[in-house]
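All heavy atoms count here, side chains included; hydrogens, waters and symmetry mates do not.
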Amino acid sequence: FITPFQLYFNPDLIFRKFQIWRLITNFLFFGPLGFSFFFNMIFLYPLVSVKYCRMLEEGSFRGRTADFVFMFLFGGFLMTLFGLFASLFFLGQAFTIMLVYVWSRRNPYIRMNFFGLLNFQAPFLPWVLMGFSLLLGNSIIIDLLGIAVGHIYYFLEDVFPNQPGGKKLLLTPSFLKMVFDTPEEDPNYNPLPEDHPEHQPRDQDQNEQQHPQ
């Protein structure tokens with residue numbers, strides 16, 4: 001019912017024919033049926049994207065869902081810009097590598113084992129995945145794009161703000177925080193006495209003692 005021709009990134013169709021869905025669907029296609037597709041779907045992507053995306057969300061982005069979503073939007077936006085100039089049609093693999101790169105740079109001392117064949121530290125994981133993708137006959141341009149975008153995000157978020165004279169450039173929009181983050185309680189807020197839950201049972205008991213049935 002759906003072919004890759006309806007999903008791939010095409011600026012002309014997006015801006016002239018208003019096929020806006022292509023901005024999203026090009027991240028969801030991982031190639032035609034074949035050995036490379038099944039290997040990625042069964043082994044590589046569940047292990048890499050799901051595992052490390054979850055570790056990012058529960059680790060450095062814990063309690064910061066809006067910042068986590070903003071990383072997705074920022075990475076997707078940069079990849080789309082590169083796709084305009086490099087004539088790239090599908091960016092899902094680059095997005096996966098970006099997530100892996102950010103996680104690996106934030107956990108540089110974790111030892112990794114790739115299918116029992118290679119032992120290395122976490123920062124080398126994106127490059128190992130790129131080499132494995134090359135062995136499967138895929139183009140490494142997509143992997144390099146994911147690494148580049150991941151490094152840009154990591155540099156702007158974790159490196160540059162900690163440099164002398166540096167500052168935080170990636171600011172999560174307030175509307176994302178309103179949607180995804182729970183509002184913080186005001187420490188100076190003093191609720192009314194009747195709003196205290198510990199007062200309610202006591203008042204009820206007193207009323208029962210004064211007016212027994």
How close do [X] and [Y] get, heavy atom to heavy atom, and via which atoms?
| X | Y | result |
| --- | --- | --- |
| P123 | R105 | CB-CD, 4.4 Å |
| A122 | S104 | O-CB, 3.1 Å |
| L56 | L99 | CD1-O, 3.7 Å |
| V100 | P126 | CG1-CG, 4.1 Å |

Within one Ile-Leu-Val-Met-Phe-Trp-Tyr cluster: [X] and [Y], side-chain cutoff 4.5 Å:
| X | Y | value |
| --- | --- | --- |
| L169 | L78 | yes |
| F61 | M178 | no |
| V102 | L171 | no |
| F74 | V159 | yes |
| I20 | F15 | yes |

State whether the number of non-hydrogen atoms from other residues, nucleotides or ligands found under 6.0 Å of [X] atom [atom1] is greater than 12.
| X | atom1 | value |
| --- | --- | --- |
| F77 | CZ | no |
| K17 | NZ | no |
| F29 | CZ | yes |
| R62 | CZ | no |
| L84 | CG | yes |
| F160 | CZ | yes |

Could you give the distance from [atom1] ([X]) to [atom2] ([Y]), rounded to the nearest 0.5 Å?
| X | Y | atom1 | atom2 | answer |
| --- | --- | --- | --- | --- |
| E157 | L170 | CD | CG | 5.5 Å |
| Y153 | F72 | OH | CZ | 10.5 Å |
| L7 | W21 | CG | CH2 | 9.5 Å |
| D143 | Q93 | CG | CD | 4.5 Å |
| I142 | I147 | CD1 | CD1 | 12.0 Å |
| L13 | F5 | CG | CZ | 12.0 Å |

### Task
Kindly determine whether F180 and R64 satisfy side-chain contact (heavy atoms from CB on, under 4.5 Å), including the steps that lead there.
CA-CA 8 Å; F180 293 102; R64 300 167 51 216; over 6 Å; no
Residue pair [X] / [Y], side-chain heavy-atom distance below 4.5 Å:
| X | Y | value |
| --- | --- | --- |
| C53 | W103 | no |
| I141 | L145 | no |
| F124 | P108 | no |
| N113 | L118 | no |
| M98 | H151 | no |

#### Entry: Stepwise side-chain contact (heavy atoms from CB on, under 4.5 Å) check, F9 with I14
CA-CA 8 Å; F9 181 74; I14 292 174; 3.7 Å; yes
### Modelled atom types, side-chain donor and acceptor of N107 and Y109, under 3.5 Å
no
### Query
What do the steps show when you test R111 against Q121 for side-chain contact (heavy atoms from CB on, under 4.5 Å), and what is the final call?
CA-CA 4 Å; R111 297 288 299 177; Q121 288 184 303; 3.4 Å; yes
For [Y], is there any backbone N or O sitting under 3.5 Å from a side-chain donor or acceptor partner on [X]?
| X | Y | result |
| --- | --- | --- |
| N26 | L23 | yes |
| R22 | Y8 | yes |
| S87 | G83 | no |

#### Entry: R106: salt bridge (charged side-chain N to carboxylate O under 4.0 Å, His left out) partners, not counting sequence neighbours
D158
### Message
Test side-chain contact (heavy atoms from CB on, under 4.5 Å) on L144 and M130; report intermediate values, then the result.
### Response
CA-CA 8 Å; L144 289 174; M130 185 183 70; 3.5 Å; yes
### Task
Would you check if the distance from the ring center of F95 to the ring center of F27 is below 6.0 Å?
yes
